[in-house]
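Given the structure is predicted, the values throughout are model-derived calculations rather than measurements.
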Amino acid sequence: MLLSHGDDGTAEALPVWPATKAELNELPVAARDWSIAADFQAGAGEILLVPGADGASGAILGLGDDGAGAGAAMLAGVLTKGLPEGTWRIEGDATDAHLGALAFLLGSYRFDRYRSKPAPMKHVRLSVPSTVDPAEVASIAAGIFLARDLINTPANDMGPDALEAAVRTLAGEFGASVSVIVGDDLVKQNFPMIHAVGRASVVAPRLIELNFGPEDAPKVTLVGKGVSFDTGGLDIKPSSAMLLMKKDMGGAANVLGLARMIMAAKLKLRLRVLIPAVENAISGAAFRPGDILTSRKGKTVEIGNTDAEGRLILADALALADEEAPQLLIDMATLTGAARVALGPDLAPVYTDDEALAAALNEASIAVRDPMWRMPLWQPYAKALASKIADINNVTTDGFAGSITAALFLKGFVEKAASWAHLDVYGWRPQASHLGPVGGEAQGIRAIYSVLKSRYGA
């Protein structure tokens, strides 16, 4: 483990002093003098090693101009790769030690599965105060890494069948149960839209279900969009728009990462995870623009665009989830480009009409530095989804408020759940940062886990 307590027999840890440029004068004399000699500017995430008789005697971590708070703690993500091998400790206020330890782990992530000669890992460890539980921090990081790994894996190795295998592996680790409905059995068991979207692929569509925890505990259900690759269907995407479509199962990856956190923490709830897993491929069996599909709920949907397939498979899965009226129902999906236009790649839009849940998610988002932003379920926009020949269309004709209208589409399939939230995540880090390289990213699940832990923890 890259984390340890200072009293567990590890070697004497070297200090890391977090500091803004203005705070450099407050450092121990040797560190202060060295920073002056080196003209160290203490930019955010910059590291200056302070020499000693036998190597480094410590290091300064620049905090930039902002300085204090949890945001500074997250800059510890640069330490794993920026420090020499050995054991280190972060000096100063331990208030944000948990976040600093998590950032330290997140910054160590890399995806080397397809490299013939992966670079060797450096052995850099962090000694944390007794207020930090290294096992819990490592478990949260493992959930993030699971989501990243799944998203980063290309579609030739992460089709619906491989996604099922990943669920089974996770379930086996924690003793959860798994059931799967595959291919034409989806039609027989009334999941017609999941079947319609995925039937053109050579790999059969499926609905994957994981269950964990006592049946009489409060029911929390997670639904994740599992489109292993999205060509757009017959409304085919341009090639440039397909380059990142291996990440279109990012919703499924996120809920599995969250499920891992929940199961590892043994929260007192009944967890149900539903993943409609399909490839939106093109063949003679592909569903068509203008088709009318009847959903599990009985609502008919006119297909205005086959590239708006995610909401179709989610609708069938949400309808199933809603039937048992869970206390909390959360779905996550890489659903719309409109969400990126509105909030960019870093902020995950969250939609809910539960004011208490919205407030809890907002508070947790700020506290754990897992950014999300509440967006309005503006009901007047729902009329833009009207169809002349079916109950609803899967897209609007005006192109306005695409993330909002997608959320309103999904809301129409949830009635019995006590509380529901939808996250329209990007699932991708377009630029490297102190918390990870370019590639798949988990969004919102640390904040959700924090809310669940506060409600259902020991």
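Taking the six-membered ring where the residue is Trp, Tyr351 and His422 present parallel rings, their angle staying beneath 30° rather than reaching 60°.
Surrounding CG of Asp184 are at most 12 heavy atoms belonging to other residues, nucleotides or ligands under 6.0 Å away. A 6.0 Å sphere centred on CD of Glu363 holds no more than 12 heavy atoms belonging to other residues, nucleotides or ligands. By the neighbour-count criterion of 12 heavy atoms within 6.0 Å, atom CD of Glu85 is densely surrounded, having more than that number from other residues, nucleotides or ligands. Surrounding CZ of Phe174 are more than 12 heavy atoms belonging to other residues, nucleotides or ligands, all under 6.0 Å away. Counted within 6.0 Å of NZ on Lys122, heavy atoms from surrounding residues, nucleotides or ligands total more than 12; the atom is thus considered enclosed.
Side-chain contact between Thr131 and His98 is absent, with no heavy atoms from C-beta onward closer than 4.5 Å. Leu347 has its side chain out of reach of Tyr426: every pair of non-hydrogen atoms, C-beta onward, lies at least 4.5 Å apart. Side-chain contact check for Leu267 versus Tyr449: some heavy-atom pair is nearer than 4.5 Å. With contacts defined as side-chain heavy-atom distances shorter than 4.5 Å, the pair Leu79/Val124 does not qualify. Between Leu2 and Leu126, every side-chain heavy-atom pair lies at or beyond the 4.5 Å cut-off. Contact annotation: the side chain of Phe287 never approaches that of Met193 to less than 4.5 Å [non-hydrogen atoms, C-beta and beyond]. Between Pro376 and Ile404 there is a side-chain heavy-atom pair separated by less than 4.5 Å. Between Ile275 and Met249 the shortest side-chain heavy-atom distance does not fall below 4.5 Å.
Closest heavy-atom contact between Arg148 and Leu106: NH1-O, 3.4 Å. Of all heavy-atom pairs between Ala277 and Pro160, the closest is O-CB, 3.8 Å. Minimum interatomic distance between Ile90 and Ala76 (heavy atoms only, all atoms of both residues): CD1-CB, 3.9 Å. Leu99 and Ala367 get closest at one heavy-atom pair: CD1-O, 3.4 Å. Ala176 and Asn211 make their closest contact through CB-O, 3.2 Å (heavy atoms, listed as atom of the first residue, atom of the second, distance). Contact detail for Arg206 and Ala204: the closest heavy-atom pair is NH2-O, 2.9 Å.
Of the candidates Lys246, Arg340, Gln443, Lys246 is the only one forming a side-chain contact (heavy atoms from CB on, under 4.5 Å) with Trp428. With Arg296 as the fixed residue, the side-chain contact (heavy atoms from CB on, under 4.5 Å) test singles out one of Ile194, Asp316, Leu186: Asp316.
Judged by distance alone, with hydrogens and angles left aside, the side-chain atoms of Lys81 form a donor-acceptor pair with the main-chain N or O of Tyr109 at under 3.5 Å. No side-chain donor-acceptor contact under 3.5 Å links Ser139 to the backbone of Ala135. Put simply, the side chain of Arg260 never gets that close to the backbone of Ala142: no donor and acceptor are under 3.5 Å apart. A distance-only check finds a donor-acceptor pair linking the side chain of Asp291 to the backbone of Arg288 [under 3.5 Å]. Remark: the backbone N or O of Gly250 is paired with a side-chain donor or acceptor of Asn254 at under 3.5 angstrom. The backbone N or O of Glu415 lies less than 3.5 Å from a partner atom in the side chain of Asp322, making a donor-acceptor pair. A donor-acceptor contact shorter than 3.5 Å links the side chain of Thr80 to the backbone of Phe104. Between the side chain of Ser450 and the backbone N or O of Arg446 there is no donor-acceptor pair closer than 3.5 Å. Side chain of Arg429 to backbone of Gly439: no donor-acceptor contact under 3.5 angstrom is found. Side-chain atoms of Lys411 never come within 3.5 Å of backbone atoms of Asp353 as a donor-acceptor pair (strictly under, hydrogens ignored).
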| query | So Ile262 and Leu222, side-chain contact (heavy atoms from CB on, under 4.5 Å) or not? Walk me through it. | reply | CA-CA 11 Å; Ile262 292 169; Leu222 308 176; 4.2 Å; yes
| request: Verify side-chain hydrogen bond (donor to acceptor under 3.5 Å, both in side chains) between Thr300 and Asp391, making sure each step is shown before the conclusion. | output: CA-CA 5 Å; Thr300 57; Asp391 294 331; 3.1 Å; yes
| request: Assess whether side-chain contact (heavy atoms from CB on, under 4.5 Å) is satisfied between Ile448 and Met261, documenting all intermediate values. | output: CA-CA 10 Å; Ile448 297 171; Met261 297 176 192; over 6 Å; no
| request: Go through the steps for Met375 and Leu343 under the test side-chain contact (heavy atoms from CB on, under 4.5 Å), then give the verdict. | output: CA-CA 10 Å; Met375 295 278 278; Leu343 297 180; 4.1 Å; yes
| request: Would you sort out whether Val223 and Val255 count as a side-chain contact (heavy atoms from CB on, under 4.5 Å), showing the intermediate values? | output: CA-CA 7 Å; Val223 178; Val255 299; over 6 Å; no
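Expressed to the nearest 0.5 Å, how far CD1 of Ile330 lies from OG1 of Thr221 amounts to 9.5 Å. Annotation: the span from Leu329 atom CG to Asp354 atom CG amounts to 12.0 Å, rounded to 0.5 Å.
Salt bridge annotation for Lys219-Glu324: absent, with no cationic side-chain nitrogen under 4.0 angstrom from a carboxylate oxygen. The pair Glu136-Lys453 meets the salt-bridge criterion, since a charged nitrogen lies less than 4.0 angstrom from a carboxylate oxygen. Salt bridge annotation for Lys247-Glu441: absent, with no cationic side-chain nitrogen under 4.0 angstrom from a carboxylate oxygen. A salt bridge does not link Lys388 with Glu302: every distance from a Lys NZ or Arg NE/NH1/NH2 to an Asp or Glu carboxylate oxygen is 4.0 Å or more.
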